[in-house]
2 protein chains.
Amino acid sequence: MEKSTQGAANDAQVIAPFRSHAHDHGQCVVEAIAAAESRCEKDGSSFTPLRRQVLELVWSSHEPVGAYELLEKLRRSRRKAAPPTVYRALDFLMEHGLIHRIESLNAYVGCGDPERRHGGQFLICRDCQSVAELDDSAIDKAVARRADALGFDVQQQTVEIIGQCANCVSRGRNDR
Amino acid sequence: MEKSTQGAANDAQVIAPFRSHAHDHGQCVVEAIAAAESRCEKDGSSFTPLRRQVLELVWSSHEPVGAYELLEKLRRSRRKAAPPTVYRALDFLMEHGLIHRIESLNAYVGCGDPERRHGGQFLICRDCQSVAELDDSAIDKAVARRADALGFDVQQQTVEIIGQCANCVSRGRNDR
DNA sequence: CAAAATATGATATATTATAACATTCGGAGT
DNA sequence: ACTCCGAATGTTATAATATATCATATTTTG
Ligand SMILES: [Zn+2]
Ligand SMILES: [Zn+2]
Ligand SMILES: [Zn+2]
Ligand SMILES: [Zn+2]
């Protein structure tokens, strides 16, 4: 288990931090699948083998994965898979809050906390492509205040911050 | 000239508000083109007829426009236009801060203030598709604080808030 | 003017996503 | 067990968005 430098109240707003290269990722996958089963059971929706498999593929790392990359991997074990196979599974997973779409990358990433209702806030590292998921109430509030002032009714938020993660900053990487 | 309900210091953070149906949009276009000329002159880059024309097409409304929609319009007067024609112009306009790309819509919208350096913050109305551009320092600060706490170096931000604008809320529209 | 850089034209193709219809499969009700 | 129904997946085709590459034209520079 990795330990953050933030306090607990603060940590709750970091749904999924940047992870070290060495972390036990198998555990991430196990937890994600368990959360998905629980979520689908509550929703009364069926978490089929196909959907489970696509979710596992999305969770193959903490980097966003494109639909056609998923398709390629999926085909290794399910030769009949076609684009609609993947997109339908992705749609299902998104509807049930199990994954998020990263708009600026046309790619998908596992949700770190499907139990909690939240909009999408992401820090995305240009160099290592990994993603941290936030649910930062200060960002939410700032957005809500401005929206209120303009009479705008917020229904969905997309916050995607591109930059360099701490690992990559310290290594002085400058890949792109 | 439309008057806002916000104070001046606050207004500076709303780069482009939602506009009434009846506003003088010709004036918006004139100002945008003038700002673009000024910007390109400062940058020592050439604001060619093609680029000007594409910018005018982007500014044909306050709604984001897709590249192929621009291409179609462009072809009316420039029959040789092809996808690269439009995409190259869009790239140029983005590099010089004259337009922004709305990632969640794969579409482009004119920038309300090319003189000022700013990341992209947008309120997007689901119903009437119009867009307001923000440069809200509270949002910026909230993002910066969280990023700092995680050692993340912010290079670019994408904030796209979907919802209903005040006009559409008051009309009780529920198109989609 | 010649060379080099910039801008646009032209053709082809890559990447991402959806439409439409067919088939399979598992339960609900008979 | 049989039939119907609806959900899930299979299958084929195509739409929508974006880029690669090379050719040509135009402008800038020495
Ligand atoms: Zn992990
Ligand atoms: Zn990184
Ligand atoms: Zn206008
Ligand atoms: Zn509206």
Side-chain angles (χ1 to χ4, degrees), chain A residues 36-37 40-41 43-58 63-96 98-109 129 158 160 176, chain B residues 36-37 40-41 43-58 63-96 98-109 129 158 160 176:
Chain A
E37 276 169 351
C40 289
E41 182 133 15
D43 292 356
S45 58
S46 66
F47 191 50
T48 65
L50 172 61
R51 290 164 177 173
R52 168 192 297 254
Q53 199 181 347
V54 171
L55 183 59
E56 283 169 356
L57 290 173
V58 170
E63 302 172 21
V65 197
Y68 278 76
E69 194 181 336
L70 290 168
L71 176 57
E72 195 186 345
K73 291 179 179 176
L74 187 61
R75 275 189 160 142
R76 291 173 193 162
S77 64
R78 187 182 279 257
R79 276 178 300 188
K80 294 181 283 188
T85 313
V86 162
Y87 280 103
R88 285 192 288 228
L90 290 173
D91 285 347
F92 174 90
L93 296 172
M94 284 203 289
E95 274 163 21
H96 294 274
L98 304 175
I99 62 173
H100 294 283
R101 174 177 163 83
I102 306 294
E103 297 291 349
S104 55
L105 298 174
N106 295 334
Y108 305 82
V109 67
Q129 280 79 54
T158 298
E160 300 176 4
R176 48 216 71 200
Chain B
E37 276 169 351
C40 288
E41 181 133 16
D43 292 355
S45 58
S46 65
F47 190 52
T48 64
L50 173 61
R51 289 165 178 172
R52 167 192 297 255
Q53 199 181 349
V54 171
L55 182 59
E56 284 170 354
L57 290 174
V58 169
E63 302 172 20
V65 197
Y68 279 75
E69 194 181 337
L70 290 169
L71 176 57
E72 194 186 345
K73 290 179 180 175
L74 186 61
R75 275 189 160 142
R76 291 173 193 164
S77 64
R78 188 182 279 258
R79 277 177 300 188
K80 294 180 282 188
T85 312
V86 163
Y87 281 103
R88 285 191 289 229
L90 291 173
D91 286 347
F92 173 91
L93 296 171
M94 285 204 287
E95 274 163 21
H96 294 275
L98 304 174
I99 61 173
H100 295 282
R101 174 176 163 82
I102 306 294
E103 297 290 349
S104 55
L105 297 175
N106 295 334
Y108 306 82
V109 67
Q129 280 79 55
T158 297
E160 299 176 4
R176 49 215 71 199

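The basis for the numbers below is simple: all heavy atoms, side chains too, and nothing from hydrogens, waters or symmetry mates.
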> For the residue pair B/Ala36 and B/Phe47, what are the closest heavy atoms and their distance?
Replying inline: CB-CZ, 3.7 Å
> A/Arg51 and A/Leu55: side chain to side chain contact (heavy atoms under 4.5 Å, CB included), yes or no, with the steps?
Replying inline: CA-CA 6 Å; A/Arg51 290 164 177 173; A/Leu55 183 59; over 6 Å; no
> So, for B/Gly66 and B/Ala107, which heavy atoms are closest and what is the spacing to 0.1 Å?
Replying inline: N-CB, 4.0 Å
> Hey, mind stepping through B/Leu50 and B/Arg78 against side chain to side chain contact (heavy atoms under 4.5 Å, CB included) and telling me if it holds?
Replying inline: CA-CA 9 Å; B/Leu50 173 61; B/Arg78 188 182 279 258; 3.7 Å; yes
>> With no hydrogens and no angle check, just 3.5 Å: does a side-chain donor-acceptor pair link B/Ser77 and B/Gln53?
In response: yes
> Hey, which of these two, B/Ser46 or A/Leu105, hits DNA chain C nearer its 5' end, going by closest nucleotide?
Replying inline: B/Ser46
> B/Arg52 CZ to C/dA7 P: how many Å, rounded?
Replying inline: 16 Å
> Earliest and latest nucleotide of DNA chain D, 5' to 3', sitting under 4.0 Å from a non-hydrogen atom of chain B?
Replying inline: D/dT17 to D/dT21
>> Between C1' on C/dT8 and CG on B/Leu71, what's the gap in Å once rounded to a whole number?
In response: 14 Å
> Mapping B/Arg79 and B/Arg51 to their closest nucleotides on DNA chain C, which lands nearer the 5' end?
Replying inline: B/Arg51
Would you give me the side-chain donor-acceptor pairs under 3.5 Å for residues 79-94 of chain B, sequence neighbours excluded?
| residue | atom | partner | partner atom | Å |
| --- | --- | --- | --- | --- |
| B/Thr85 | OG1 | B/Ala82 | N | 2.9 |
| B/Thr85 | OG1 | B/Ala82 | O | 3.1 |

> Can you tell me how far C1' of C/dT8 sits from CG of B/Leu50, to the nearest Å?
Replying inline: 8 Å
> Step by step, would you call A/Asn106 with A/Arg101 a side chain to side chain contact (heavy atoms under 4.5 Å, CB included)?
Replying inline: CA-CA 7 Å; A/Asn106 295 334; A/Arg101 174 177 163 83; 2.9 Å; yes
>> Please report the distance, rounded to the nearest Å, between CG in B/Leu90 and P in C/dT8.
In response: 13 Å
>> When you compare the side chains of A/Ser104 and A/Glu160, does any donor N or O come within less than 3.5 Å of an acceptor on the partner?
In response: yes
> Along nucleotides 17-26 of chain C, 5' to 3', which nucleotides get a B, which get an S, and which get a -, given that the test is a protein heavy-atom distance under 4.0 Å?
Replying inline: BBBB------
